[in-house]
Each structure stands twice: as structure tokens, then as C-alpha cells.
There are 2 protein chains.
Amino acid sequence: MEKIEKFNEKYYHILKVIAQKMGDEKTLRITSGELALLTGMSQQNASRLILEMENEGIIDRKISGRHQNISITESGLDILYGEFAELSQILGIGKSTSICGTVQSGLGEGRYYVAKKPYLIQFNEKLNMIPYPGTLNVKVDNNDEKTLRHIRARKGILIEGFSSDDRTYGAVKAFKCNIKGVECALIFPYRSIYRDVLEIISHIYLREKLNLEDGDSVEIKFDI
Amino acid sequence: MEKIEKFNEKYYHILKVIAQKMGDEKTLRITSGELALLTGMSQQNASRLILEMENEGIIDRKISGRHQNISITESGLDILYGEFAELSQILGIGKSTSICGTVQSGLGEGRYYVAKKPYLIQFNEKLNMIPYPGTLNVKVDNNDEKTLRHIRARKGILIEGFSSDDRTYGAVKAFKCNIKGVECALIFPYRSIYRDVLEIISHIYLREKLNLEDGDSVEIKFDI
DNA sequence: ATTACTAGCCAACGAGTAT
DNA sequence: TATACTCGTTGGCTAGTAA
């Protein structure tokens with residue numbers, strides 16, 4: 001059932017050019033002819049690729065009159081950050097990095113999920129950690145959003161999902177990390193869109209051990 | 001005359017897989033069938049691409065009996081590091097980094113080249129620096145070779161080449177950097193193979209200012 | 001077993017053009 | 001001006017098979 005992520009070669013090049021041209025803006029007003037020039041293809045082909053990418057959910061378009069405003073969707077960003085992460089791994093660059101953020105209160109959901117037995121067994125086996133039943137929620141600083149996207153795009157450690165009587169629990173992606181020297185792990189739902197709030201687990205109660213309160217700044221260090 | 005570097009889409013995917021499978025080894029013994037499985041293409045196509053990449057100088061092959069040992073050439077590495085650098089720039093990741101190395105004596109060539117007027121004019125305009133006539137040579141630590149390849153692959157600041165009566169002087173690629181807070185610039189011949197000795201220029205005589213002698217360790221910091 | 005030649009096919013392309 | 005449809009062509013693919 002798990003579909004193998006195929007590197008979307010067809011759209012990769014033009015997507016890269018769009019991202020480059022966008023710079024720090026969120027949308028880009030560009031004609032298919034300009035894109036054709038930038039990519040070295042024909043206007044017709046650029047137009048066709050744009051249509052296809054829109055259908056595939058890689059980009060969004062707002063057409064106003066004869067012009068189009070293009071933005072890149074989360075799915076499109078995943079392609080770019082995924083490729084970057086893959087190259088980082090292959091070339092062995094940027095193995096250690098860190099993300100800064102602010103402690104905040106979660107909704108208490110973390111505690112519920114983390115405590116499920118099938119997850120616990122895997123946390124123990126794959127992370128060598130029996131987590132304290134609860135997660136530390138950290139809102140990522142805006143400056144480190146890009147770093148988070150980079151980490152998210154990496155393979156990480158797969159914690160498999162499972163089904164209980166009533167419902168299914170999705171797969172989780174984990175990354176070992178540390179806060180002020182305390183070993184912990186960042187966990188994401190395996191399939192999810194980008195969120196700027198991290199959930200951190202550890203074998204101990206991080207808030208107490210590190211004396212953390214809502215609003216405190218923390219630096220989460222990764223060695224991947 | 002300057003050929004536009006075309007992103008070699010055709011070979012990129014299989015090259016990535018080869019690099020991944022190689023890991024830290026220098027060569028890889030692999031059959032076209034295995035490569036086909038890893039890339040999701042037919043054995044015949046993998047074989048054909050390998051032949052083409054060999055002809056293009058992207059990989060080297062040693063055929064022993066029925067087996068082949070593949071290695072990636074400098075030109076092949078340029079494709080991978082180039083792609084990584086491009087994505088880094090587009091996504092705005094890894095803007096600051098550093099390279100460590102050891103000071104060593106150059107051959108005195110640097111002094112000769114750097115002092116040429118057309119270079120000096122551009123150093124002043126583009127780097128805002130009238131360099132001391134000579135270069136600091138730094139042998140890069142093995143650990144930082146990958147970081148150097150990454151920087152090399154970036155666009156940098158182009159110092160154009162020129163012709164004098166007797167010969168031509170090639171284009172130079174420069175990167176602003178600093179050593180212990182002193183502004184300087186790393187310069188490469190624009191077209192050259194990988195070398196692990198850096199040439200650094202600065203407006204002052206770095207050896208004296210920083211009290212450097214052969215064998216001393218230095219950290220060169222980049223903000224790109 | 002392996003590499004790699006040949007033939008045939010089709011997805012993706014450029015050109016022309018409608019809108 | 002633009003975007004994007006249709007059509008003819010072809011580069012790059014798979015399959016079969018020789019070496």
C-alpha cells in the first residue's frame with residue numbers, strides 16, 4: 001500500500017526555477033514564455049508543465065486576466081526539500097544542525113498517543129528510549145523554519161503505525177536530538193503537512209528536568 | 001564561447017544512486033541489473049546510461065571479466081555538488097559555514113597573478129578590497145573536503161579573465177570570508193579541478209597580522 | 001552469469017495556431 | 001499581448017537477444 005516516492009524528474013527542473021525566481025516572495029507573477037526562457041524549453045511546454053503541476057498539486061495558480069500568479073504548495077516544497085535532504089545525505093554534508101524555538105503548552109494529545117503500547121515498543125527498540133508519557137511542544141522560531149523543513153525531509157527513523165479495535169494509528173517519523181545535553185527525540189506524523197510546532201519526547205520529564213516554562217527559549221540539537 | 005552549464009537531467013538520477021551506493025568508498029562494484037533495480041529502470045537502459053556517462057566523463061569504469069567497478073570522476077562530483085549548492089541557494093539553507101586547514105607556503109605564483117591590474121580593478125569593485133600582493137595558502141583538513149566542494153560548487157563572485165600581450169589570464173571565482181575576524185576572500189581559477197589548497201587574499205598581509213606560520217591551523221568562515 | 005546491441009514504441013517535446 | 005490546444009516528431013525507454 002505504501003507507494004514508493006518517485007523522484008518527480010519531469011517537474012523538478014521547472015519547479016526549481018520557479019522557486020529561484022520567487023526568492024523570498026510567496027507568489028510569482030510570471031508568463032509561460034519567461035519560464036520557457038529560464039528553463040530552456042518552449043513556451044508551449046512550459047505552459048503544459050504548469051498545468052500538469054497544478055493538477056498534481058505541486059503549485060497553485062491564480063489567473064487574473066492574461067496573467068498568472070504562481071505559488072508553490074506544501075507538496076511542491078516537499079519535492080525541493082526532499083531532494084535537498086537526499087543530496088545532503090548522499091554527500092554527507094550538514095550532519096549537525098539545530099533548531100531554536102519557544103516552549104508552549106500542547107493539547108495533551110501527545111500524552112495519549114505516545115503511551116500506546118505498539119509505539120512504546122518501537123520507541124524502545126529503535127530509539128532506545130521509553131518515553132515519559134507526554135510531549136514537550138516547541139514553536140519553531142521563524143528563522144529556523146527552513147532548517148525544520150530540511151530535517152522533516154530526511155528519512156529519519158520510522159515508527160510504524162498500527163490498528164487497534166477502534167481506529168488506526170499512523171506511522172511516525174523520529175529524529176534523535178538533544179536539548180541542553182539531554183537525549184530526546186523529535187517525532188512527526190509520517191504523513192502530514194508542515195507544522196511549526198514540534199513534539200519532543202524523552203525518557204524523563206523535560207519540563208521539570210530542564211526547568212522549562214511556557215515562553216522559554218530552547219535549542220534543539222540534531223546530529224543526522 | 002562560454003558554454004551554459006546544462007543541468008544533466010538524464011544522468012542525474014542514476015548518478016545519485018551510484019553515489020549513494022558508494023557511500024564512503026571510492027569505487028563501486030555493481031551490475032547494471034542492480035542499478036536498474038535501484039533506479040526503477042530496465043537493465044538495458046542502466047547499461048546504456050553507464051556507457052554514455054563514461055563517454056561524457058562523468059564516471060570511470062574498470063571492467064574485470066564480467067564485472068565492472070564504477071567510480072565517479074571530478075566532473076561527476078561537480079554535477080552532484082553543483083545541484084546541492086543550487087538547492088542550498090534556492091532554499092536559503094546553510095548560509096554560514098567554515099573550513100579548517102593548515103597554513104603552508106605557496107609557490108609565489110599567487111603574488112604574480114593577484115598583482116595584475118585587470119584583476120586588481122575587479123577585486124576593488126566586486127570585493128571592495130585592494131589585496132596585499134600575495135596569497136595565503138591553506139591546506140584544507142580532510143574532514144572539511146566536502147564543505148569545500150560545496151562552496152566551490154556555488155556561484156560566488158566572478159572575476160573576469162583578460163588577455164595581455166603575451167597570454168590570457170583565466171576567470172576567477174571569489175568568495176568573501178574571514179579569518180579571526182579579518183575580512184578576506186577565497187579565490188579559485190574559475191575552470192579547474194578540485195584542489196585541497198586554498199588561496200586567500202586580503203587587504204593586509206595576513207601572515208603578519210594574524211601571526212601565522214607554516215603548520216598553524218586556521219578556520220576560514222564563510223557567510224554565503 | 002554478465003554487458004550491450006538492435007528494434008520498436010511511446011511519452012514528452014516543439015511548432016503552429018486558436019482563443 | 002497572454003494561455004493552451006492539436007499535431008507531428010523524436011529522444012529515451014523497454015523487450016528481445018547476441019556476445
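Below, chain A is the first sequence line, B the second, and so on; all start at residue 1.
Residues from residues 48-59 of chain B with heavy atoms under 4.0 angstrom of DNA chain C, sorted by number: B:Leu51.
Taking only side-chain nitrogens and oxygens, B:Lys10 never comes nearer than 4.0 Å to OP1 or OP2 of D:dG11.
The nearest whole Å value for the distance from the CD atom in A:Glu34 to the P atom in D:dT1 is 14 Å.
Residue contacts for B:Thr31: at a heavy-atom cut-off of 4.0 Å it reaches the sugar-phosphate backbone alone, with no base atom in range.
In this structure, A:Tyr169 and A:Tyr112 have tilted ring planes: the angle between them lies in the 30° to 60° band. Ring pair B:His150/B:Phe84 is perpendicular by interplanar angle, where above 60° counts as perpendicular and below 30° as parallel.
Formation of a donor-acceptor pair under 3.5 Å by the A:Gln89 side chain with backbone atoms of A:Arg154 is not found in this model. Formation of a donor-acceptor pair under 3.5 Å by the B:Gln68 side chain with backbone atoms of B:Ile30 is found in this model. Remark: side-chain polar atoms of B:Thr73 are paired, donor with acceptor, to backbone N or O of B:Ile58 under 3.5 angstrom. Looking only at distances, no side-chain donor or acceptor of B:Lys221 sits under 3.5 Å from a matching main-chain atom of B:Ser96. Formation of a donor-acceptor pair under 3.5 Å by the A:Lys176 side chain with backbone atoms of A:Glu183 is not found in this model.
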**Asked** Step by step, would you call A:Asn137 with A:Thr135 a side-chain hydrogen bond (donor to acceptor under 3.5 Å, both in side chains)?
**Response** CA-CA 6 Å; A:Asn137 292 62; A:Thr135 61; 3.2 Å; yes
**Request:** Tell me, with the steps shown, if B:Glu199 and B:Tyr113 meet side-chain hydrogen bond (donor to acceptor under 3.5 Å, both in side chains).
**Result:** CA-CA 11 Å; B:Glu199 301 204 66; B:Tyr113 290 107; over 6 Å; no
**Request:** May I have the step-by-step check of side-chain contact (heavy atoms from CB on, under 4.5 Å) for B:Glu74 and B:Arg149, ending in yes or no?
**Result:** CA-CA 10 Å; B:Glu74 285 296 331; B:Arg149 285 185 185 277; 3.0 Å; yes
Mind listing the N/O atom pairs, protein and nucleotides 15-19 of chain D, below 3.5 Å?
{"residue": "D:dA15", "atom": "N7", "partner": "B:Gln44", "partner atom": "NE2", "Å": "3.3"}
{"residue": "D:dG16", "atom": "N7", "partner": "B:Gln44", "partner atom": "NE2", "Å": "3.1"}
{"residue": "D:dG16", "atom": "O6", "partner": "B:Gln44", "partner atom": "NE2", "Å": "3.1"}

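Where the helix from C:dT2-D:dA19 to C:dT19-D:dA2 starts and where it ends, the local axes point in directions that differ by 30°; five pairs per end, rounded to 10°.
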